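Okay, structure first, notes after.
Counting convention: from 1, in listed order, for ligands and their atoms alike. All values derive from a computational prediction rather than experimental measurement.
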Amino acid sequence: MDIPITTTEVLRWVGRHLAHYRWQVAGAIVALFIAAGAWLILGQGIKVAVDEGFIDNNPSILNTAVVAVLIICLIASIATYFRFYLMSLLGERISADIRNEVFAHLLTLPPSFFAKTRTGEVISRFTSDTTVLQTVIGSSVSMAVRSVVTFIGAVVLMAITSPILTLCVLLAVPGVLLPLRILAPRVRTYAKESQDKIADLGAHVDQALHEITTVQAFNAQSFEQQLFKQRVGHSLSAAKKRIHFRSQLIGAIMLVSLAAITTIAWIGARQVFADEMSMGELSAFLFYAVLAGGSVATISEVIGDVQRGVGASERLLQLLHTEPSIYSGTQPLLQDTRQPPTIRFEKVTFAYPENPVLFSELSLIINSGEKVALVGPSGAGKTSLFQLLLRFYQPQEGQIKIGSQSIEQVRLTDLRNTIAIVTQEPVIFATTVQENIAYGRPEASLAEIKKAAKAAYADDFIEQLELGYDTQLGERGVRLSGGQRQRIAIARAILANRPILLLDEATSALDARSEKMVQHALNRLMRGRTTIVIAHRLATVKHADRIVVMEKGSIKSSGTHTELLEHDALYREYAELQLLS
Ligand SMILES: Nc1ncnc2c1ncn2[C@@H]1O[C@H](COP(=O)(O)OP(=O)(O)OP(=O)(O)O)[C@@H](O)[C@H]1O
């Protein structure tokens, strides 16, 4: 996932998101200018108050000046309210948009991406990086822009008040830029590193909690704790480095700006003594100098945040720039509604990424409505056939056809809409029974859902749950037994009603009664569909129209159960060892 991202790309991306809210941005900028302008005018108020109020001993001018200052403060405060409100909201909105954009993209990435990336890490990028961006856009950027505007305004007014002193101030500018140039890139590097380490933490927590029963059963809590502690240590030391450089940056800039202001005050005071400048002008000048110095300090402080924001954006853009690698075809799938389709694997050669060749010119035809059982030792490539048919992976050579169409040319949604899959470990989502069954057809009515549940022999136990079809099933269906989970998954496939069925039979043994019900449910599910089943039970192979024996990525033989028992030694061995158990 280490795709290089340039700062220009980051700015363009954030700019594109900002453009959606251009009126809000414009409002914030107007508010920002009003607030900054008000502060700058304040300096003129000070000048009048000092020169004409104090020095000329004129209390009425002093009173007017104070009232004017209060009005200016009120205007500045109201404008600040709007700037803050609009910018904070902008931060929230843009991070929400970015979350949606990244999640939508993640859903398009194929299983090969998730096979090499830890989900915990992806989740961390998602949550913590978007939160960083939210803070940066919502507060840091607005502070930085405010400070830049104030700085420019202050310098202009300083130049009007005293060009010579302004020249002295500008001489101090390189002194400020130098630490910025040296230290800011380091802050950015370590900010990125510390975010990476936090992603590691996320991945670790995700794995440990996901597999909590194994962790506890093996008494591995202290082992996990130790590992986690180490990772927390790594993230802390990356953060320490970031903080180290950031503190140096703030300290150095503060030193340079305060030293510059003191020197200028000293030069200015000498000018006042020499009658080259009025007291009011010096006061106003110093006010502007402090304002400018303060702005530079703020910029240096938030520049670290902005660097963090750029780092976070880079990481999010890396996710967004990860290509799906499987592209949808453009043709609609031509379907004969009267009969289920034929599936053809034609001279398919395939290797998983960075793996040796698994299938070499493999050919297999599954006829319309046929029920084919795949058997063979572990690692023979049975599941991989499913993965190819669903286009989770792409064969290097050869093609797979549904009916007369190559699946590469067919729209991906159409292809997957014709296939229902029941996996070995039934997948249950942390939601209600009803939503679990309707997963492949969310628009299904309750009556249809119940009908599917009945056909899957699941209705009885569902009705006995405390809230029936509205019962929440908990994460990964922890509240159901193995057989119940399987029947929910079968009900889902029945409701989805797709002409091709891919079934990976569970290896885990169920008690005789559950087993029988699951078998009945499966038989009903297979009726009228083209079915490929990875078989682990004798009953399944006996009922299959044809059995295909696989070994090390190739098809060894095929035939009915009796034929194979008679002629095929591998099948005989396999049947004795696995299927008859
Ligand atoms: N995502 C993957 N990346 C790399 N190699 C993989 C991947 N999935 C499977 N393999 C490899 O491909 C080979 C075939 O695996 P496959 O899962 O298709 O076998 P199988 O016959 O279904 O086995 P089982 O009955 O144990 O599930 C194995 O050697 C396996 O290690």
Side-chain angles (χ1 to χ4, degrees), residues 1 106 108-122 203 207 322-326 343 345 347-364 366 371-398 400 407 416 419-427 482 485-486 489 500-510 522 531-541 544 546-558 564 568 570-581:
M1 232 178 354
L106 283 176
T108 66
L109 295 180
S112 54
F113 170 78
F114 297 98
K116 61 175 196 283
T117 318
R118 294 170 303 170
T119 28
E121 192 187 322
V122 178
Q207 176 173 309
T322 307
E323 295 282 334
S325 81
I326 301 279
I343 302 167
F345 288 82
K347 295 194 168 177
V348 170
T349 298
F350 169 68
Y352 281 105
E354 295 142 40
N355 269 265
V357 172
L358 175 64
F359 300 131
S360 179
E361 301 208 341
L362 177 137
S363 295
L364 175 67
I366 294 122
K371 216 184 294 171
V372 166
L374 300 178
V375 298
S378 179
K382 305 177 295 284
T383 314
S384 305
L385 282 184
F386 284 11
Q387 308 259 37
L388 290 181
L389 187 56
L390 281 160
R391 284 203 71 209
F392 288 149
Y393 290 89
Q394 184 80 26
Q396 282 78 23
E397 275 170 48
I400 303 168
I407 58 171
R416 292 180 183 160
I419 302 174
I421 179 157
V422 180
T423 51
Q424 201 174 66
E425 269 295 312
V427 176
R485 279 203 288 268
Q486 283 177 17
I500 296 176
L501 174 65
L502 302 182
L503 179 64
D504 194 350
E505 220 172 34
T507 40
S508 55
L510 299 174
L522 285 177
T531 306
I532 313 180
V533 47
I534 298 177
H536 297 284
R537 300 179 208 298
L538 192 59
T540 315
V541 285
R546 185 157 50 110
I547 300 159
V548 170
V549 185
M550 293 183 71
E551 194 187 19
K552 293 186 189 146
S554 52
I555 294 172
K556 288 287 164 212
S557 51
S558 80
L564 288 171
D568 192 321
L570 177 69
Y571 182 76
R572 230 181 354 255
E573 185 190 347
Y574 187 74
E576 275 163 17
L577 289 174
Q578 304 269 330
L579 299 169
L580 302 178
S581 62

For this session: Output all residues satisfying ring pair (Phe, Tyr, Trp, His ring centres under 6.0 Å) with Y352, sequence neighbours left out; order by chain, then residue number.
Result: F350, Y393
Seminar exercise, completed: Sorted by chain and residue number, the residues having a heavy atom closer than 4.0 Å to an atom of ligand 1 are Y352, N355, L358, P377, S378, G379, A380, G381, K382, T383, S384, Y393
Problem set entry | Straight-line distance of K556 NZ to L564 CG, nearest 0.5 Å | 14.0 Å
Problem set entry | Partner set under salt bridge (charged side-chain N to carboxylate O under 4.0 Å, His left out) for R546, not counting sequence neighbours | E370
For this session: State, with a plain yes or no, whether a side-chain heavy atom of L385 is found less than 4.5 Å away from one of M550.
Result: yes
Exercise. Just wondering, are more than 12 heavy atoms of other shown residues or ligands nearer than 6.0 Å to CD in Q387?
Worked result: yes
Problem set entry | Counterpart residues, side-chain hydrogen bond (donor to acceptor under 3.5 Å, both in side chains), relative to Q394 (two or more places apart) | R391, E408
